[in-house]
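Below, read A as the first sequence line, B as the second, and so on, with proteins coming before strands; counting in each chain starts at 1. Atom set for the values below is all heavy atoms of this structure, side chains included, hydrogens, waters and symmetry mates excluded.
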Amino acid sequence: MLEKTYDPKNFEEKIYASWEEKEYFKPNMNKNKEAFAVVIPPPNVTGVLHMGHSLNYTLQDILVRYNRMLGKNVLWQPGTDHAGIATQMVVERNLAAEGITRHDLGREKFIETVWQWKEKSGGTICKQLRRLGASCDWSRLRFTMDEGLSRAVRKIFVNLYKDGLIYKAKKLVNWDSKFMTAVSDLEVIQKETVGKMYYYKYPIKGEENEFVHIATTRPETMFGDTAVAISKDNEKLKHLIGKECIIPIINKAIPIVADEHADPEKGTGAVKITPAHDFNDFEVGKRHNLPLVNILNPDATLNENTPFEGMDTQSARKKTIETLESMGLMDKIEDHPMVIPYGDRSGVVIEPLMTDQWFVDAPKLAVEAMRVVENGEMEFVPKTYEKTYFEWMRNIQPWCISRQLWWGHQMPIWYGPDETIFCEENEEEALVAAEKHYGKKVELRRETDVLDTWFSSGLWAFSTLGWPDKSEFLDTFYPTSVLVTGFDIIFFWVARMMMMSMYMMKKVPFKKCYIHGLVRDEHGQKMSKSKGNTVDPMEIIEKYGADALRFFMAAMETQGRDINISESRIQGYRNFATKLWNSARFGEMNECVFNSDFDTAKVSHPVNKWIIEKVKQTSNELTENLNSYRFSDSANGVYQFVWGSFCDWYIEMIKPILYGEDEQAKAETRATFAWVLNRILIILHPFMPFVTAELWNNYHSEEDIINAQWPAKENVDENAIAHIDWVIELISAIRSLRAEMNLPAGSKLTAYLQGANEQSANNVNQFANIICALARLEKIELYNGDITPDMVQTVFRENTVLIPLKGIVDFAAERERLQKELAGLNKNLESYARKLNNPAFVDKAPAAVVEEERRRQAEALENKAKVEEALQRIVGL
RNA sequence: GGGUGUGUAGCUCAGCGGUAUGAGCACUACGUUGACAUCGUAGGGGUCACAAGUUCGAUCCUUGUCACACCCACCA
C-alpha cells in the first residue's frame with residue numbers, strides 16, 4: 001500500500017542502498033552487448049556537492065540509466081581528483097589555525113597530513129553523489145593519486161620525456177607568490193582595475209638636461225630595466241636611439257634601442273624594457289640580446305639587485321616614486337584602467353618570473369587532438385564548442401607542468417652529480433640508467449617539483465580503466481562513449497585529455513563530448529559565496545527530494561545555455577512527483593494490477609487504445625530526444641504526457657468506466673491503466689529514479705526497475721489518437737462555453753450537437769457518459785431542430801454545440817462573447833485572404849500549405865456565418 | 001583588440017521559413033466532482049531588440065545597428 005502523501009525522505013536513501021547492495025551499477029560484461037562507458041569528471045576529493053555538480057552528474061546518470069535499460073554493457077566510472085593547489089591550500093589553512101606552516105612539518109609529514117585529511121573528509125562528495133542518485137560503479141572508485149594511476153602518470157611522463165615532448169627550460173613563467181609556485185596560463189585570471197600610470201624620466205648619459213620620458217604602471221621594476229626601446233619610426237624620439245640613459249637611484253647606464261614594440265602613439269613613445277619581469281619585454285630582450293636582471297624573491301619581495309631589498313612590490317613602488325620625486329625626475333601620475341593578472345586559487349598578483357620549469361610540448365600534441373575533431377572521430381555536442389576548442393588549440397602555448405608544491409605527483413626525474421637528467425619510472429631504474437651512464441654507482445637526487453593536477457586528469461579516460469596494465473575493462477570500454485562536462489573546463493581538461501589520449505592510446509578518449517553551461521542564481525548571476533547567492537543542492541534535496549532536483553536539471557538543460565536555478569520550479573517538479581504518486585494510488589484503489597502478459601493489440605475500448613498509442617508516441621519521441629542529447633525536450637515531453645494526457649484526461653475519462661457496470665470494459669481498463677503506468681515508470685526512471693522505483697516496487701516483487709527494458713520504437717496508430725482527441729476537444733469547447741457564460745460549475749446542463757456528421761454522431765453516442773461526466777452535463781444529444789434565442793452556442797469543427805438555458809441566458813454576456821469570437825474569426829480571415837489572393841503564394845508555396853490555408857478559410861467562413869446568425873437571433877433581446 | 005553567444009508573456013526560459021494550440025512560475029474568475037488543494041476548470045497577458053535585404057511568406061535565413069553576457073589576448 002502506498003502512503004497517502006509522496007514523501008521522498010521515506011524511501012530515496014533506502015532504495016539507493018538496496019541498489020548498491022545488489023550491485024546493479026556494475027557492468028554486465030556481456031560480450032554480445034554493446035558497451036557504453038562514461039568516466040566521471042572527478043570532483044575534488046575534499047570538495048562538497050554544488051549545483052554545478054548536480055547538473056553534471058544528473059545528465060550523466062540520465063544517459064547511464066537510459067543505456068542500461070537499453071540492455072547495454074554499461075560502466076559509469078567514478079573517481080576523485082587530488083586537486084593539487086586546492087587541497088594543499090585547504091590543509092595549509094587548517095594548519096594555520098593551529099599556528100603551524102607546512103614548513104614546520106616538512107614535506108613528508110605534510111603529505112602524510114594531507115592523506116589523513118583526505119581519508120577523513122574525502123568521502124563526503126561520494127556520499128552526496130549517492131544521495132543524488134548517481135549510479136556509478138562504486139566498486140571501481142579511483143583517485144588520481146592511487147598507486148595505479150600514479151604509475152600511469154609516471155609511465156606517460158617518461159614516454160613523453162623520451163620522445164622529447166617534455167623538456168626543462170628556464171623561461172619566464174606565471175609565478176604565484178603565495179604558493180611560491182609556477183602556474184599555467186589557464187590558472188591566471190585577468191581582472192579589470194583602475195591603477196596608476198607613472199610618468200618619469202631617465203637622464204641621457206653624457207648630456208646635460210636631456211632625458212628620455214617613459215611611462216609605466218610598475219615603477220619598482222626599473223631596477224630590472226636593461227634597456228629603453230623607441231620605435232625607429234618615431235620622428236620625435238628616434239634621435240635618442242643608440243644613446244644610453246641612466247637608471248636613477250642605482251645609477252646604471254642602459255642602452256636605448258630601436259624596437260617596434262614601442263608604439264609611438266602609446267604612453268610617451270619610449271618604453272622601459274624589463275626582460276626578466278614582462279612577457280613582451282622578454283621578447284624585446286631576446287631581439288637585442290639584453291641581459292636579464294631578476295629583482296624579485298620567490299615571495300615577490302624585492303631582492304638584492306635593488307636598493308629596496310625585502311620590501312614588497314607595493315611598498316617598493318611607493319619608495320621608488322618618492323625617491324624619483326625628490327630627484328625631480330617625476331613628470332606626472334595618472335589614473336589608468338588596466339588589467340592585472342591574479343592567481344585563480346591564491347588571489348595574489350601573478351608575477352612573471354624567470355625560473356627553471358618543465359614544459360609539455362603542447363603545440364605538437366595538439367596536432368592529433370585537432371585532427372580527430374576535424375574528422376569527426378570526436379564530436380562536440382553542441383557542435384559550436386568545436387570552434388572554441390580549435391581556436392584555443394591553434395594558439396596553444398607550451399604547457400608548464402611543474403609546480404613547486406608538495407601535494408601531487410612528484411616528477412619521475414633524477415639528477416646525477418653533474419646534473420645529468422635521468423627520467424625513469426622509478427628510482428631503481430634511474431639508478432641503473434645512471435650507473436650505465438657514469439660507469440659506476442652514483443647517488444641521485446630526485447626532482448622536488450610535482451605535476452600540475454591536470455596532468456593526471458588528462459589520463460583519466462584510460463588510467464581509470466587500468467592502463468598501463470592490460471585490462472578487460474580497457475579493452476571493453478575504451479574509447480568511452482561520451483564525456484559530459486562544463487564549458488569552463490574545455491581547455492583545462494577536455495583539451496588535455498584529447499592530447500594525452502591521442503599521444504598514448506592513439507584513439508580518442510571519448511566519441512562524444514557533451515558540453516553544458518553553468519548553474520546560475522535565479523536572475524542569471526553567477527553563484528558565489530561572497531555574493532551570498534549560492535544554493536546548496538543538499539538542502540534542496542532535503543526539501544524537495546533528489547528526483548525533483550534532477551528533473552529540474554534535465555528540464556532546464558537546453559544545449560548551449562546556462563541554467564538559472566529556480567526554487568519555485570523545483571517545487572513544481574516535486575509537485576509533478578506527487579501527481580505521479582497520486583495517479584499510482586488511484587490505480588491501487590481501483591485494483592489496476594500489472595500483468596506482464598497484457599497484450600496492447602487486444603485492447604478494444606477507444607479510450608484505452610488512445611492512451612496506449614499516446615504513450616507509445618511519447619516513448620518514441622523521448623528515445624529520439626535522448627539519442628540526440630536533447631534533455632529539456634526529453635523531460636518536458638514526458639512531463640506533458642504524464643500530467644496532461646494521463647492524469648488530466650485518461651484518468652478522468654476512465655472513471656465512468658471503472659464506476660460503471662460493464663465488467664469486461666472495467667477489466668480491460670484496469671489492465672491498460674497498469675500497463676501504461678508501468679510504461680511511464682520505465683521512461684521516467686532515468687530522470688526520477690527514486691519515485692519510479694518506489695512505485696514500481698509496489699507491484700513488482702522480483703525484477704527491479706533499473707534493469708527494466710526500455711521500449712523499442714513502435715508504430716503509432718494516429719487514428720486511435722485522433723478518435724479520442726475529438727472527444728477531448730468537444731469537452732474543452734463545452735467547458736469554455738460554460739466558464740465564459742458564467743454557468744455555475746454545479747449546474748447540470750443539456751447540450752445539443754447540431755450538424756454532426758456520421759462520425760461525430762457515433763462519437764456522441766459512444767462517449768456520451770464520458771462527455772457528460774467531464775463537461776458536467778445532464779445529457780448530450782444530437783439535434784436537428786431550430787436554434788432558439790435561449791440557447792448559447794459554440795462552434796466545434798463542423799458541429800454547433802448548443803446549450804439551452806431556459807430563460808437564464810445573460811444576453812449581454814453572450815453578445816460580448818460572440819462578438820469577441822467574431823473579431824477573432826475576422827482577423828484570421830483577413831490573413832487567409834491576404835495569402836490566398838496573392839497569386840505568387842498560390843503559385844509558389846507548397847500545395848499542402850495552400851490547401852491547408854484554403855481549409856482554414858472555409859472553416860472560418862462557416863464558423864463566421866454561424867456566429868453571425870447567433871448574433872442576429874439575439875439582437876434586441 | 002580578437003572571438004563566441006544571447007535579446008520571445010510580469011519573471012525565468014523553450015521553440016519554429018507557413019496564424020506564437022508556447023512552458024513553468026506569477027496574475028484574474030470559478031471550484032472541494034469517489035488519486036491529488038503539492039489540486040481542478042476557464043481566462044487575461046507578446047508590434048518574437050531595431051533597421052534593411054532574401055523569399056509567395058521572416059520571430060526564424062543574410063547584413064547592419066543597439067544592448068547584455070562570456071571566453072581569449074594586452075600591466076608602457
Exercise. Under 3.5 Å, is there an N or O donor on one side and an acceptor on the other linking the side chain of A:Y6 and the base of B:U38?
Worked result: no

Exercise. Between B:U65 and B:G43, how far is it from one C1' atom to the other, in whole Å?
Worked result: 39 Å

For this session: Sequence neighbours left out, what passes side chain to side chain donor-acceptor pair (under 3.5 Å) with A:D263? Give chain and number order.
Result: none

Problem set entry | Length of the line joining A:I651:CD1 and B:G34:P, which is rounded to integer Å | 15 Å

For this session: Kindly say if A:K266 contacts the phosphate of B:C74, meaning a side-chain N or O under 4.0 Å from OP1 or OP2.
Result: no

Exercise. Given the P atoms of B:A52 and B:G45, what is the spacing between them in whole Å?
Worked result: 28 Å

For this session: Measure the distance from CZ on A:R817 to P on B:G43 and round it to the nearest whole Å.
Result: 11 Å

Exercise. Taking atom C1' in both B:U12 and B:A69, what distance in whole Å separates the two?
Worked result: 16 Å

Exercise. Within the distance-only criterion (no hydrogens, no angle test), does the side chain of A:N582 pair as donor or acceptor with the backbone N or O of A:R585 below 3.5 angstrom?
Worked result: no

Exercise. Closer than 4.0 Å, any side-chain N/O of A:W643 to the OP1 or OP2 of B:G40?
Worked result: yes

For this session: Calculate the interatomic distance between A:E522 atom CD and B:C13 atom P; express it in whole Å.
Result: 10 Å

For this session: Please identify each residue that fulfils side chain to side chain contact (heavy atoms under 4.5 Å, CB included) with A:E391, with sequence neighbours left out.
Result: A:R394, A:N395

For this session: Write down the distance separating the P atoms in B:G10 and B:C50, rounded off to the nearest Å.
Result: 14 Å

For this session: Whole angstrom is fine here: how far is it from CG in A:D488 over to C1' in B:C71?
Result: 11 Å

Problem set entry | Centroid distance under 5.5 Å and plane angle under 30°, A:Y659 vs B:G34 | yes

Exercise. Could you state the CD-C1' distance from A:E621 to B:G15, rounded to the nearest angstrom?
Worked result: 15 Å

Problem set entry | Integer-rounded Å distance: B:U12 C1' and A:M51 CE | 16 Å

Exercise. When we call it a touch if two heavy atoms are under 4.0 Å apart, what does A:M338 touch: a base, just sugar-phosphate, or nothing?
Worked result: base

Seminar exercise, completed: Residue set satisfying side chain to side chain donor-acceptor pair (under 3.5 Å) with A:E740, at least two apart, ordered chain then number -> none

Exercise. OP1 or OP2 of B:A29 sitting under 4.0 Å from any side-chain N/O of A:N742?
Worked result: no

For this session: Tell me, please, which residues at least two apart from A:D521 pass side chain to side chain donor-acceptor pair (under 3.5 Å).
Result: A:N533

For this session: Encode nucleotides 1-6 of chain B as B, S and - characters from 5' to 3', where the letter depends on protein heavy atoms closer than 4.0 Å: B to the base, S only to sugar-phosphate, - to neither.
Result: ---SSS

Exercise. Under the side chain to side chain donor-acceptor pair (under 3.5 Å) test, which residues partner A:D562, sequence neighbours left out?
Worked result: A:R520

Exercise. What residue pairs, at least two apart or across chains, pass ring pair (Phe, Tyr, Trp, His ring centres under 6.0 Å) with a residue in residues 726-745 of chain A?
Worked result: A:W726-A:F796

Exercise. When we call it a touch if two heavy atoms are under 4.0 Å apart, what does A:H336 touch: a base, just sugar-phosphate, or nothing?
Worked result: sugar-phosphate

For this session: Would you kindly check whether a donor in the side chain of A:R735 faces an acceptor in the base of B:U41, or vice versa, at under 3.5 angstrom?
Result: no

For this session: Please list residues of residues 847-857 of chain A whose heavy atoms come under 4.0 Å from any atom in RNA chain B, ordered by number; otherwise none.
Result: A:V849, A:R856

Seminar exercise, completed: In RNA chain B, stems of three or more consecutive pairs, Watson-Crick or G-U, each with both distances under 3.5 Å, turn out to be B:1-7 with B:66-72, B:10-13 with B:22-25, B:27-31 with B:39-43, B:49-53 with B:61-65

Exercise. Rounded to whole angstroms, how far apart are CZ on A:R520 and C1' on B:U12?
Worked result: 14 Å

Exercise. Tell me the salt bridge (Lys or Arg N to Asp or Glu O under 4.0 Å) pairs involving residues 567-576 of chain A, sequence neighbours left out?
Worked result: A:K543-A:E567

For this session: Determine, for A:E814 against A:R817, whether the closest basic-nitrogen to carboxylate-oxygen distance falls under 4.0 angstrom.
Result: yes

Exercise. Distance between the P atoms of B:A23 and B:A51, in whole angstroms?
Worked result: 28 Å

For this session: Apply the test side chain to side chain contact (heavy atoms under 4.5 Å, CB included) to residues A:F586 and A:I654: give CA-CA distance (whole Å), side-chain angles for both, the deciding distance (0.1 Å), then the verdict.
Result: CA-CA 11 Å; A:F586 173 85; A:I654 60 173; 4.0 Å; yes

Exercise. Looking across every strand, which nucleic acid part, if any, lies under 4.0 Å from A:F279 by heavy atom: base, sugar-phosphate, or nothing?
Worked result: nothing

Problem set entry | Pairs where residues 638-647 of chain A contributes a residue and the test side chain to side chain donor-acceptor pair (under 3.5 Å) is met, not counting sequence neighbours | none

For this session: May I ask you to say whether A:R855 pairs ionically with A:E851, meaning some side-chain N is under 4.0 Å from a carboxylate O?
Result: no

Seminar exercise, completed: From CZ of A:F551 across to P of B:G24 the rounded distance in Å is 12 Å

Exercise. Among pairs that include at least one residue of residues 632-655 of chain A, which meet salt bridge (Lys or Arg N to Asp or Glu O under 4.0 Å), considering only residues two or more places apart or in two chains?
Worked result: A:R630-A:D633, A:E652-A:K655

For this session: Taking atom C1' in both B:G40 and B:G34, compute the distance separating them and give it to the nearest angstrom.
Result: 15 Å

